[in-house]
Amino acid sequence: MKHTVVAFTMLLILSGCTAMPHTFSAPESQYDAIVIDPVDGMPVTIEQLAQRLQTRDVVIVGEYHGHHGSHLLQAQLQRALFRLNPAQVLSMEQFNADHQQELTRYLDGKTGETEMIEDAEAWDNYRASYRPLVEFARTHRLPVIAANAPSRMVRCVGRKGPDYLQSLPPERKALLPDQPFMDTESYREKFIAAITGSHGTRHGDTGAEDEDDRMSPRILNSYRAQLLRDNTMASRIIAAAQTHPNSQILHLTGTFHSEDGLGTVALLKQRAPELRITVISPQFWTDQSLDEQVTSNRFKGDYLYFIRPLPDEFIDEERERKAMMERFRNASDNSCD
């Protein structure tokens, strides 16, 4: 009997226990993240992840903006990758390309943090979310790339359309990538679904022209503004790879720009197919089993990390509506003339 039990146990081990679901606890707090390899559904430590990524040219970590679990994981991975390859470049959606000089002046010790935050128009949550990453880069004299498109350009393309870019002076146009509205059909479908709640075109339906005809002018211009962000980030990453050969680029971005291999990732692969890219995508933990969560999200990234959901912003729908209207009104105050 004893030998039978041992033999059965060994059989389970050798078979990988494929019939047994993985049972891992949910992240304990808003700071915690569980990294999973979607190929086998198994957890990966930050150190193990860094080991696997050390030969990659570009590591893209998607985030839910303002989530402490995302930002802590980014900082931990930054340090772990640096220990394996000190030739590192930090690329950030959270700074715009027209403020590279102000960011670099801070890294060089020529301005203080508050001056940089004001001059480079850092995001409101800079100190709480991105300070540790920038300070690590500054301490180790690593380049930090302001990767996003200038906010005024994005806003005005969203309002006026792509012809707005033709009105820019040469020094502003120099900040733009070639083909600033390059895209992919899958990303169009995803964007339409996110904006309108529809499902985009059916798989196999065709062409940008059909899609453009189906979008209202407002949605089409919003999509072009999104493409301007993605194309700018892709071109800035490529430029960084050329300026800093043999360096590994760690790029931080909102997950919509990178999950499913779309957005910035798809454009990077079109523009520089030689780059070895890995995408790490966040998912909110649900009450499903881990296996079910991994299965339903397995194509979102090369690795997934699970974090606790953020609290609801509003319960009162009327207060939410008023807050959204106020945000829209404040955005409209910025002129494109």
Side-chain angles (χ1 to χ4, degrees), residues 30-31 33 58-79 81-82 88-108 111-140 142-155 158 175-177 225-240 248-259 263-265 267-268 279-282 301 305 307 310 327 331 334:
Q30 290 281 325
Y31 288 99
V58 182
V59 176
I60 298 179
V61 185
E63 66 176 47
Y64 293 128
H65 297 318
H67 195 296
H68 291 89
S70 284
H71 303 310
L72 180 56
L73 178 138
Q74 290 166 340
Q76 291 172 333
L77 183 59
Q78 178 192 36
R79 295 194 303 271
L81 289 171
F82 176 82
Q88 186 184 88
V89 176
L90 177 62
S91 172
M92 302 182 69
E93 176 199 354
Q94 296 79 14
F95 286 98
N96 298 337
D98 54 339
H99 291 305
Q100 181 68 63
Q101 182 177 0
E102 291 84 355
L103 178 57
T104 300
R105 283 178 57 80
Y106 174 68
L107 297 170
D108 291 342
T111 58
E113 183 183 66
T114 297
E115 293 170 304
M116 181 276 291
I117 289 173
E118 293 176 355
D119 296 345
E121 297 183 358
W123 288 12
D124 291 342
N125 63 328
Y126 170 81
R127 287 188 172 96
S129 300
Y130 306 108
R131 173 195 270 167
L133 291 129
V134 173
E135 289 306 302
F136 184 87
R138 189 166 77 116
T139 298
H140 296 282
L142 306 177
V144 181
I145 306 301
N148 207 350
S151 56
R152 180 183 175 89
M153 292 186 193
V154 173
R155 181 175 68 249
L175 296 169
L176 297 171
Q226 178 81 353
L227 291 176
L228 183 58
R229 293 188 182 97
D230 285 301
N231 277 284
T232 300
M233 286 191 279
S235 65
R236 297 283 287 173
I237 291 170
I238 293 168
Q248 185 175 66
I249 299 172
L250 175 64
H251 178 67
L252 313 182
T253 188
T255 189
F256 195 90
H257 293 288
S258 59
E259 68 182 13
T264 302
V265 179
L267 296 171
L268 263 177
V279 177
I280 305 169
S281 296
Y305 69 94
I307 49 182
L310 291 167
R327 292 173 190 174
N334 296 303

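One-based numbering along the sequence shown.
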task: Examine the side chains of Ser151 and Arg229 and answer whether a donor and an acceptor come within less than 3.5 Å of each other.
output: no
query: Step by step, would you call Phe136 with Phe82 a ring-ring contact (aromatic ring centres under 6.0 Å, His included)?
result: CA-CA 10 Å; Phe136 184 87; Phe82 176 82; 5.2 Å; yes
message: For a 4.5 angstrom cut-off between non-hydrogen side-chain atoms, does Val59 reach Ile249?
response: no
- request: For the residue pair Tyr31 and His68, categorise the inter-ring angle as parallel (less than 30°), tilted (30 to 60°) or perpendicular (more than 60°).
  value: tilted
Close side-chain approach of Thr255 to Pro282, heavy-atom, < 4.5 Å: yes
query: Do any N or O atoms from the side chain of Asn96 and from the backbone of Pro150 form a donor-acceptor pair under 3.5 angstrom?
result: no
task: Applying side-chain contact (heavy atoms from CB on, under 4.5 Å), run through Ile60 and Leu252 and close with a yes or a no.
output: CA-CA 6 Å; Ile60 298 179; Leu252 313 182; over 6 Å; no
message: Do Tyr130 and Glu135 have side chains that approach each other closer than 4.5 Å (heavy atoms only, starting at C-beta)?
response: no
Qualifying residue, where the test is salt bridge (Lys or Arg N to Asp or Glu O under 4.0 Å) with Glu113 and the options are Arg131, Arg105, Arg138: Arg131
field: Side-chain H-bond candidate by donor/acceptor type, Ser70 with Glu63, under 3.5 Å
entry: no
message: Quick check for you: to the nearest 0.5 Å, what is the distance between Asn148 atom CG and Gln94 atom CD?
response: 8.0 Å
- prompt: Is there a donor-acceptor contact under 3.5 Å linking the side chains of His99 and Gln101?
  reply: no
message: Any donor-acceptor pair under 3.5 Å linking the side-chain atoms of Gln100 with those of Thr104?
response: yes
message: If you define the side chain from C-beta out and look only at heavy atoms, does anything of Leu90 sit under 4.5 Å from Leu142?
response: no
task: Give a yes or no on whether the backbone of Ala146 and the side-chain of Arg236 come within a donor-acceptor separation of less than 3.5 Å.
output: yes
- request: Taking the side chain as every heavy atom from C-beta outward, state whether His71 and Tyr64 have any pair of such atoms under 4.5 Å apart.
  value: no
Value rounded to 0.5 Å, distance of OH in Tyr126 from CE in Met116: 3.5 Å
query: Within a reach of under 6.0 Å around CG of Asp108, are more than 12 heavy atoms found that belong to other residues, nucleotides or ligands?
result: yes
statement: dist Leu250:CG -> Met92:CE (nearest 0.5 Å) comes out at 9.5 Å
task: Measure the shortest side-chain to side-chain distance between Leu107 and Val144 over non-hydrogen atoms and say whether it is less than 4.5 angstrom.
output: yes
Close side-chain approach of Leu133 and Gln74, heavy atoms under 4.5 Å: yes
query: Leu77 versus Ile280: any side-chain heavy-atom pair under 4.5 Å?
result: yes
